[in-house]
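This one's a predicted model, so the numbers in the text were calculated from it and none came from an experiment. Naming: A, B, ... by sequence-line order, numbering from 1 per chain.
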Amino acid sequence: MDAFTTHTGTAAPLRRSNVDTDQIIPAEYLKRITRTGFEDGLFVAWRTNEPEFVLNQPQYAGASILVAGPDFGTGSSREHAVWALLDGGFRVVISSRFGDIFRNNSTKAGLLTVLLSQEEVELLWKELEADPDLEVTVDLEAGEVRYGARVVGFQVDGYTRWRLLEGLDDVGLTERHLEDVTAFEERRPAWLPRSQPASA
Amino acid sequence: MGQTLAQKVYEQHVVRRTEGEPDLLYIDLHLVHEVTSPQAFDGLRVAGRTVRRPDLTMATEDHNVPTLDILSPIADPVSRAQVDALRRNAAEFGIRLAPMGDRDQGIVHVIGPQLGLTQPGMTIVCGDSHTSTHGAFGALAFGIGTSEVEHVLATQTLPQYPVKQMSVTVDGELPPGVSAKDVILAVIAQIGTGGGQGHVLEYRGSTIEALSMEARMTICNMSIEAGARAGLIAPDQTTFDFLAGRPHAPQGADWDAAVAHWSTLHTDPDAVFDREVHIDAASLSPYVTWGTNPGQGLPIGASVPDPAAIVDEGDRRAAESALAYMGLTAGTPLREIDVDTVFLGSCTNGRIEDLRVAAALLKGRKVDAHTRMLVVPGSVAVKLQAEEEGLDRVFLDAGAEWRGAGCSMCLGMNPDQLKPGERSASTSNRNFQGRQGKGGRTHLVSPAVAAATALTGKLTAPADLETAGV
């Protein structure tokens, strides 16, 4: 995963709540067995059917920060939603509430999800609608979103922050503790099920 | 202070706990399907890793599988390639696979319980948000993304933080024609799609205790639709009776040891929940959704809501956009909405009890001439059981289609899809835009409402059938 320290770019105001992962990328794009190349599925229904959709507006075409309404990334666990956003050029999503699994997936793939209050999201929407070229900086090291003269703090737990800043993947970190895993396995009750056919 | 059921199961699986780091949680069962696993297996190969515990891993084919002509190769080459990838990966990494045509094949959340692999007190994960289904057994079960699938394959663990606890207490007797699906749709309508965010839900109360395992699975299945990662129910005699004799359930002295442990799995009287929600079962009626998220549901006797009457700006916008997508007008009685297709199936409502409820209503009647009804059992075992009971004849005689097992029209990754503008009454779990096919419109309903709707061609409660004269 690519490390994330700080990112500066333009941002798109997505004034919608409950953007589920089916909208971020529909199921038909999930048949692929690759991990990249999902940009063609990103918000495809809205990009195709709704001329007023924010990413269809040329002034927001180059945005790398998405500022969304509450409950962004609800629904399906598909990590493809995170991959599609990254493939579509986004490095940060800002919202006042995220779907748990989506947020968790984002931390595994290097997409920064920033939790701000809905008031801050509304304020940012207004600024972005007034000035689509507004530069927004998301600084993970300082835990700040900055634009114009405004500085807004945000929280990320220390461990996730460290992993994102270093670009570390979890499997390698867990492998340092495999002796603990082995010790735990020795304590597990013998009657717990195993997946082999019962007759085998 | 006492512990909740979810806290007990969580604590019993902590492998390692260190200040400033997430807990490392042991995973007792990892279920795998073809859609969210290929990139995880690729990751293992690139890093030269193996699957740590293939014996705690079980794979099946469900999302892409056609429900017609199931013994021929899959016609869609992209779907076929994904299923083939799972077959290669399962063979290479030594994982048991129930492929199409196998008697154990089916939706991943239907086969786990049916095989007895799902047991109380376990931690269960799958690259699928409806893994919460297994919580019906008192297991801590949740959906994960593909990076986490790779992590569990490699280490049989997951880094996790404890989550908040919410109780959903449902007391009283359900009125006739009201089912577990109506309970969970009512819960989601009450707390919203973000209401459970950051929480695990424990369903409790006399109504829940009186439910069968199938019904409990329906409720836990849709916990994710309330934003919760997991939902669970304390195991009891109903749970033990369901498990006894299943292929992977413990036997003999092991059974006694297991039941002794399972009997400790309940929330302590002095445990504290972060949030408590109460529902009066007697006040419920059949629920249907009118919008494009599962929280946009109402009792079937209501009318399509008027967005102008919604105070919150975000909710108003969401309602406006939902009505535009759904092609509905505010004020229309829900009972007057015509549907083209009825889908009975999915990990929410594709189990034998769901088919029995629908068949009882369809017996001796005919599906409306302008309505198509698709019946898709959740697994091959459910299909065979239904055929043994003669339910397939009931469906076919009524004019419904009797299909092979899989996820099918719940998300239309196989050929079972709505056409643009088509409207369904569906026993599945998500009414998201385009979920059942591009431009398709979905109303979530219970199996009983699905069957009644198939008979009239309009959203219909089972109790309406007498007056409708069908």
**OP:** Select, from E21(B), Q12(B), M58(B), the one with the greatest count of heavy-atom pairs under 4.5 Å involving chain A.
**Re:** E21(B)
Original post:
Does the pair D28(B)/R188(A) count as a salt bridge with the N-to-O cut at 4.0 Å?
Top reply: yes
**OP:** Go through G227(B), G198(B), G434(B) and name the one with the most non-hydrogen pairs under 4.5 angstrom from chain A.
**Re:** G198(B)
**OP:** Could you pull out the closest heavy-atom pair between P193(A) and H248(B), with the gap in Å?
**Re:** CB-O, 3.9 Å
Subject >> Nearest atoms (heavy-atom pairs only) where E79(A) meets T146(B) >> reply: OE1-N, 2.9 Å
Original post:
So, S195(A) side chain and D55(B) main chain: donor-acceptor pair closer than 3.5 Å or not?
Top reply: yes
**OP:** May I ask you to check whether Q39(B) and T34(A) show a side-chain donor-acceptor distance below 3.5 Å?
**Re:** no
Subject >> Closest approach of R15(A) to R317(B) (non-hydrogen atoms, all atoms of both residues) >> reply: CD-NH2, 3.7 Å
**OP:** Indicate yes or no: at least one non-hydrogen side-chain atom of K108(A) is less than 4.5 angstrom from one of E148(B).
**Re:** yes
Subject >> Q433(B) side chain reached by Q23(A) side chain, heavy atoms, under 4.5 Å >> reply: yes
Subject >> Side chain / backbone / both / neither for F102(A) at chain B, heavy atoms under 4.5 Å >> reply: neither
**OP:** Give a yes or no on whether a salt bridge exists between K31(A) and E34(B), defined as a side-chain N under 4.0 angstrom from a carboxylate O.
**Re:** no
Original post:
Do you know the tightest heavy-atom contact between L56(B) and R194(A)?
Top reply: CD2-CG, 4.3 Å
**OP:** Would you name the heavy atoms of S17(A) and G314(B) that are closest together and state the gap between them?
**Re:** OG-O, 3.9 Å
Original post:
Taking C-beta and beyond as the side chain, do N104(A) and R229(B) meet within less than 4.5 Å on heavy atoms?
Top reply: yes
Original post:
In terms of side-chain heavy atoms, does W191(A) have a donor or acceptor partner in Q119(B) at a distance below 3.5 Å?
Top reply: no
Original post:
Taking side chain as C-beta onward, heavy atoms only, is T174(A) less than 4.5 Å from L24(B)?
Top reply: yes
Original post:
Taking C-beta and beyond as the side chain, do I101(A) and I224(B) meet within less than 4.5 Å on heavy atoms?
Top reply: yes
Original post:
Just by distance, with hydrogens left out, do N18(A) and T193(B) show a side-chain donor and acceptor under 3.5 Å apart?
Top reply: yes
Original post:
Can a salt bridge be assigned to the pair E150(B) and R35(A) using a cut-off of 4.0 Å between side-chain N and carboxylate O?
Top reply: yes
**OP:** Quick one: pull up CZ in R187(A) and OH in Y26(B) and give me the separation to the nearest 0.5 Å.
**Re:** 11.0 Å
Subject >> Residue pair Q197(B) / D100(A), side-chain donor-acceptor N/O under 3.5 Å >> reply: yes
Subject >> 4.5 Å side-chain heavy-atom contact, H177(A) and V15(B) >> reply: no
Subject >> N49(A), part contacting chain B, at a heavy-atom distance under 4.5 Å >> reply: neither
Original post:
Is the shortest distance from a Lys or Arg side-chain nitrogen in R52(B) or E175(A) to a carboxylate oxygen in the other one below 4.0 Å?
Top reply: no
**OP:** Heavy-atom pairs under 4.5 Å with chain A are the metric here; pick the option from H13(B), R49(B), E225(B) that has the most.
**Re:** R49(B)
Original post:
Where is the tightest heavy-atom contact between N105(A) and G145(B), given as atom of each residue plus distance?
Top reply: OD1-CA, 3.1 Å
